[in-house]
Amino acid sequence: MIASKLPAVGTTIFTRMSALANECNALNLSQGFPDFDAPQALLEAMARHVRAGHNQYAPMAGLLYLREQIAAQLLQYRGVSCDPDSEITVLPGATEGIFCAVMACVGHGDEVIVFDPCYDSYEPAIVLAGGRAIHIPLALHSFGIDWQRVAAAITPRTRLIMVNSPHNPSGATLSAEDLLQLQAVAEQHNLLVISDEVYEHLVFDGKQHQSALQFPALRRRSFVLFSFGKTFSVTGWKTGYCVAPPALTTELRKVHQFVCFVAVTPVQYAVADFIAVEPDYPATLPEFYQRKRDLFCHALQDSRFTLTPSAGTYFQLLDYSAISGAPDAQLAVEWTRQHGVASIPISIFYEEPPAQHYLRFCFAKNDQVLLDAAARLCAI
Ligand code: PMP
Ligand code: GLN
């Protein structure tokens, strides 16, 4: 009937594992979303704006009021000035922003460097744009970037590099040195960059998030993506934003206006109100999530899993090699059915999965859920 443009793609692992968790009534530590509510003031702001009649189209680039609040947050947290008019675009989720950025800059036959394990939405966007993903594996266990491999992978067709820090699924973060390397290679070969920083505020152990926006020569060639879903615990509100130089923003908006046109209006008002009243809220997140990470990891001390505490995101990898040599995709399903804890197999995010044995668990959950999940995992 129709030749598929994405023949290798099925339903995402997040959708499948959440459905299985529901079917088995398992604790769902698979798909990344909090099981607790957003701040009350944000929820009330949303209700207020819906009732106040803020229910029609917002301006295509997003409410100026929200873009001004975003600029204030970027100054507060990253120390950078961004022009709300020409550099900030509010989007219906980072996923849409990534898709539009890829569409805007990847053409037929272009090569795009991605790092495995790679977030699942990147390659389909590249393929639909007519490009080709060149997969470079991150280092085993540390999930760092080997910059020599990056240099060796560049060809005259290379157009774009996509990075993600803090990194889903590993939790690894890029250092200032990594971003300097990225900046140098992008400049040397005149490449564009998509920097997926949706977990920017979830960085632990006193470390600072390093943003592509903080490196001027890198910023000049980058689309940087953020998500309110992560920062404000409202993944279902699907609202985020992209910061890019004016020329890149213009091209991003040309695509965005014909994919979704605009982000949801009352969400934009609500988030802007909340940021205006609680600008320091994101600064509370590292402590909040680090405590959950530690609670979960501590409760697993007597298990047969091994772990290195996650450096960022709300995901924790557990190494099950002392328990089983079976594939992670098989165990994720079996353990959801048999032990009532759902997780995400990370081999799914590789072109060629290496010989390692990790499952990803989301710790954005109530403490009792984390303790119950850990108790079940300790029994394996
Ligand atoms: N990038 C990464 C690495 C993610 O984990 C997510 C989470 N869902 C997204 C992008 C998409 O964010 P959003 O829900 O705002 O589309
Ligand atoms: N980013 C979320 C995760 O990694 C999932 C979002 C989705 O289901 N597409 O779990």
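These numbers come from a predicted model, not from an experiment. Excluded from the calculations below are hydrogen atoms, water molecules and symmetry mates; all remaining heavy atoms, backbone and side chain alike, are included. Every number for a ligand or one of its atoms is a count from 1 in the order of the listing.
Scanning all protein heavy atoms for the shortest distance to atom 3 (C) of ligand 1 gives Asp196 OD2, 3.3 Å. Closest to atom 8 (O) of ligand 2 among all protein heavy atoms lies Gln31 NE2, 2.7 Å. For atom 12 (O) of ligand 1, the closest heavy atom belonging to the protein is Ala94 CB, 3.6 Å.
For ligand 1, the atoms lying closer than 4.0 Å to a non-hydrogen atom of Gly93 are 15 (O), 16 (O). Within ligand 2, counting atoms from 1 as listed, the ones closer than 4.0 Å to a heavy atom of Phe315 are 3 (C), 4 (O), 10 (O). Those atoms of ligand 2 with a heavy atom of Asn168 less than 4.0 angstrom away are 1 (N), 3 (C), 4 (O). Within ligand 1, counting atoms from 1 as listed, the ones closer than 4.0 Å to a heavy atom of Asn164 are 3 (C). Close contacts of ligand 1 with Asn168, meaning ligand atoms under 4.0 Å from a residue heavy atom, involve 3 (C), 4 (C), 5 (O).
Taking every heavy atom of both residues into account, Ser18 and Asn28 meet most closely at OG-ND2, 3.0 Å. Considering all non-hydrogen atoms of both residues, Arg219 and Pro245 come closest at O-CG, 3.3 Å.
Using a 4.0 Å cut-off between charged side-chain N and carboxylate O, Lys365 and Asp372 make no salt bridge. Of the charged side-chain nitrogens involved, none lies within less than 4.0 Å of a carboxylate oxygen, so that Glu334 and Arg337 do not count as a salt-bridged pair.
Contacts between Lys230 and ligand 1 below 4.0 angstrom, taking non-hydrogen atoms only, involve the side chain exclusively. Within the 4.0 Å heavy-atom criterion, the part of Tyr119 lying near ligand 2 is the side chain and not the backbone. Counting heavy atoms under 4.0 Å from ligand 2, residue Arg16 does not touch it at all. Under 4.0 angstrom from ligand 1, there are no non-hydrogen atoms of Glu96. Within the 4.0 Å heavy-atom criterion, the part of Tyr199 lying near ligand 1 is the side chain and not the backbone.
One N or O on the side chain of Ser310 and one on the backbone of Gly312 form a donor-acceptor pair closer than 3.5 Å.
Between Tyr314 and the choices Phe204, Phe363, Tyr199, the ring-ring contact (aromatic ring centres under 6.0 Å, His included) rule is met once, by Tyr199.
Of the N or O atoms in Arg360, one or more lie within a sub-3.5 Å distance of an N or O in ligand 2.
Cation-pi contact between Lys230 and Phe33: absent, since separation from the ring centre below 6.0 Å together with deviation from the ring axis within 45° is not met.
For Gln208, the CD atom is loosely surrounded, since the number of other residues' heavy atoms within 6.0 Å does not exceed 12.
Linking Ile, Leu, Val, Met, Phe, Trp and Tyr whenever their side-chain heavy atoms come within less than 4.5 Å puts Ile161 and Tyr350 in one cluster.
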